[in-house]
Amino acid sequence: MSEEKSLNFLEEIIEEDLKSGKYTSIATRFPPEPNGYLHMGHASSICLNFGLSKKFGGFTNLRFDDTNPTTEETEYVESIKEDVRWLGFEWKNELYASDYFDTLYAYAVKMIRLGLAYVDDSTSEEMATMKGTPTEAGKDSPFRTRSIEENIDLFERMKNGEFPDGSHTLRAKIDMAHTNMLMRDPVLYRIKHAHHHRTGDKWCIYPMYDMAHGQSDSIEQITHSICTLEFVPHRELYDWLIEKLEIYPSHQYEFARRNINYTVMSKRKLLQLVNEKHVEGWDDPRMPTISGVRRRGYTPESIRDFCDRIGVAKRENIVDIGLLEFCVREHLNKIALRRMVVFDPVKVVLTNYDEDKVELMHSENNPEDPNITHREIPFSRELYIEREDFMENPPKKYFRLAPGQMVRLKSAYIIRCDEVVKDAEGKITELRCTYLPESKSGNDTSTIKVKGTLHWVSVSHAVTVEVRLYDRLFQVEDPSSEEGDFKDYINKDSLQVVKSAYAEPALKTAKFDERYQFIRKGYFCLDKDSSEDGVVFNRTVTLKDTWAKEQQKA
RNA sequence: UGUUGAGUGGUGCAAUGGUGAGCACAUCAGUCUUUGACACUGAUGAUAUUGGUUCGAGUCCAGUCUCAACAACCA
C-alpha cells in the first residue's frame, strides 16, 4: 500500500526523465569538500541525494571535492565518511576529484587547442578590475590573444612548476561582456605550490571548482547533479564546458539550502565558534554539526525524518528548530528507557515507614514498547524528590506536593505531606510525610485518586551522576541577519551543568548505544566524557512541559 | 539602471485551469493519564499586489512590489 505523496520538483524531473527513456536509472553524488565537518544542511543534501537514487533506482557516489590543497585535510575525510555512514547511507564508490587531475589537465589542454582557453599573467587585482560589475561590461585581458602554441607552452610550464603562485592562471575565453559574471573568462586553473592530502607534491597547479565539478560529474556519468541555489549562475558555465569538451552531459539542478533558526549553518561561522572557543569543538553537543547532534543524542532516524518533513524546494527558508525537536522526541519516546533522576533534591522522610525496610518497586522500562519489560527500583524511608515538586503555598491547579496534599510516587506509594522542616535561613531541608500502605503501585486498594505523580530516588541507594543541560546556542532566530557580529548573539546560558544529580541505581550501568528518558525531565544519553569515576549524561531534548508554559503566562 | 531565482496561515511543504486551498510543526481550548510526557478531539490562521484571459485562476498572460544570489587564483 503506497501512500500517495506528492513529488518534489526534483522527483518530478527524475520521474519524467525515466518515463521518457532519457535514462534507465539515475546516478547522483554527494560532493563535500574535506575542509570542515558536516552539518545539518549537509544532512539534508545527503538524504536528498541518497534518497533519490534509492527511490528511483540507481546509485550515489561519495566524491570529495578536493581541489584546494591549502584548506583540505584527511581528518575531515574520515569524519565525513563516518557521518554519512552514521546517517544510514551507503555510497557506491568513494571518489576524489583529485583522482581525475590527469584527465582534468588533458581537458584543459583540449580547451586551449580549441582556442577556448588562455594563460593570463594578470594579477588577481587586475583581473577583478577588468571583470566589470553586474551592470557594466568587463574588459579583455591583454593576454587574451596569445597564440595556441604559446598558451600550450605556458600552461605546461605552469604545471612543471616554473612559475610562482599567483603569477599565471588559465582562463576560459568566453565573453568579457557577458551578463553572467561567471562567463567573463572564468579562471580554470591556478598555481599553488602546496602539498595535497592525496596527490602529495605531484601537482602545483589545481583546477578551480568550475573546471573540476562538472567534469567529475561527467566522468562518473552522474545523471542528476544536485546542488544549492548559489550555484545557479554556475550552471551556464557547467553546461558550456561540457559542451565544448564534448563529454558525457551531466545536468545540474539546484535547490534551496536548509536553514534552522537559533543557530548558524555555514562552515566559516562554525569554524569561528570552534577556533574562538565559544564551544568545545566540532562535536560540542550545541553545534548543528552531524557529530554535534550525534553526541547530543539525536538518532539518525530522527534526522532522516526531519529532512523528509522539511522537504525540498527553491525558496529561501528558515525551518523551526521545534520541528527537529519534535522529530527526535517522537523517535526517542519509542526507544528510550525510562529512568528516574533528581537534579535538585529535597529530602522526604516517610515517618510511618520502617527504618531498615527496603522494597523493590517494579517499573516499566518503556510503556510504549509492545514487548514491555521492567526493572526494579529500591524504595526506602528516606527519599529525594525534586525541590520544584513541592510548594508551601501552591497556586491553583498545582498537582504536586504541598502541605496536606497527596501525590503518587511513580511506581510506588501515594504519600501525604505532614510537616515542613526548615533551617535557620528558612530553606526547606526536609519534608516529613506519611505513605499509604494500601496504595502500592500495581496493588492499589486505596481508591484514592491523585492528580500528580512525582519521580524520586532512594537516598541510600542513589548514584551520583553529572548532567549537562543544553539550550539553544543563540538568543535570536537568525544571528546572521542581525546587526553586528553574529557572535554577539550567543546565548551565554546554552550550557548548564548539574555536577551531582541523584539517579536510580540502574543508571550506573548506562550504555552508549542506549537512550534514556529521565522521567518528567527529558531525553538523555551517555556522554563520551564518562569514565570510571563519573558518569556524564547529555540532555538531548526536554520533554514538552505545558505546566511550565502555563506558569510563564501567569 | 543588469542577469538569474523566489513570493501560499507563525514555520516548512502540497494543491500540475475545476468541491469549502490540504498536510506537518507551532499556537489556543478540551479529553485521557501512576510521566502536567505520550495519545486523542476540536479551533484559530494563508494564495505579495494590480489588471487581463476564462463558465471557472493560487495555477495562464502583462505590469508593479518585495526578498535572495552573482564582481574569490574558495567550493
J.: Just by distance, no angles: are the side chains of R29(A) and S225(A) close enough, under 3.5 Å, to form a donor-acceptor pair?
T.: yes
J.: May I ask you to evaluate whether R257(A) reaches the phosphate of A68(B), defined as a side-chain N or O under 4.0 Å from OP1 or OP2?
T.: no
J.: Reckon R184(A) touches a base, only the sugar-phosphate, or nothing at all at heavy-atom distances under 4.0 Å?
T.: nothing
J.: Would you check if there is a donor-acceptor pair between the side chains of Y516(A) and E514(A) at a distance under 3.5 Å?
T.: yes
J.: Distance check: side-chain N/O of R408(A) vs OP1/OP2 of G36(B), anything under 4.0 Å?
T.: no
J.: So what does G442(A) hit on the nucleic acid, given a heavy-atom distance under 4.0 Å: a base, only sugar-phosphate, or nothing?
T.: base
J.: Taking the C1' atom in each of U3(B) and G18(B), what is the distance between them to the nearest angstrom?
T.: 38 Å
J.: Does the side chain of S124(A) get closer than 4.0 angstrom to OP1 or OP2 of A72(B) through an N or O atom?
T.: no
J.: Using a heavy-atom cut-off of 4.0 Å across all strands, would you classify N68(A) as base, sugar-phosphate, or nothing?
T.: sugar-phosphate
J.: If only side-chain N and O atoms count, and only distance matters, is there a donor-acceptor pair under 3.5 Å linking Q517(A) with Y523(A)?
T.: yes
J.: Base, sugar-phosphate, or nothing for T546(A), non-hydrogen atoms under 4.0 angstrom?
T.: sugar-phosphate
J.: Is any side-chain N or O of Q517(A) under 3.5 Å from a base N or O of U35(B), one able to act as donor and the other as acceptor?
T.: yes
J.: Does a side-chain N or O from K192(A) land closer than 4.0 Å to OP1 or OP2 of C74(B), or not?
T.: yes
J.: Look through every strand shown and name the nucleotide pairing with A69(B) as Watson-Crick or G-U wobble, where both distances are under 3.5 Å.
T.: U3(B)
J.: May I ask you to say what T70(A) touches in the nucleic acid, namely base, sugar-phosphate or nothing, with a heavy-atom cut-off under 4.0 Å?
T.: nothing
J.: Have S363(A) and S411(A) got a donor and an acceptor in their side chains that come within less than 3.5 Å?
T.: yes
J.: When you compare C23(B) with U1(B), how far apart are their P atoms, in angstrom units rounded to a whole number?
T.: 43 Å
J.: Which nucleotides of nucleotides 24-33 of chain B have their base under 4.0 Å from a protein heavy atom (B), which only their sugar-phosphate (S), and which neither (-), written as one string 5' to 3'?
T.: SS-SSS----
J.: Could you state the CZ-P distance from F163(A) to C73(B), rounded to the nearest angstrom?
T.: 19 Å
J.: Indicate, with a heavy-atom threshold strictly under 4.0 Å, whether L182(A) touches base, sugar-phosphate, or nothing.
T.: nothing
J.: H178(A) near the nucleic acid: base, sugar-phosphate alone, or nothing, with a heavy-atom cut-off under 4.0 Å?
T.: nothing
J.: Salt bridge (Lys or Arg N to Asp or Glu O under 4.0 Å) with E386(A): which of R520(A), K521(A), R400(A)?
T.: K521(A)
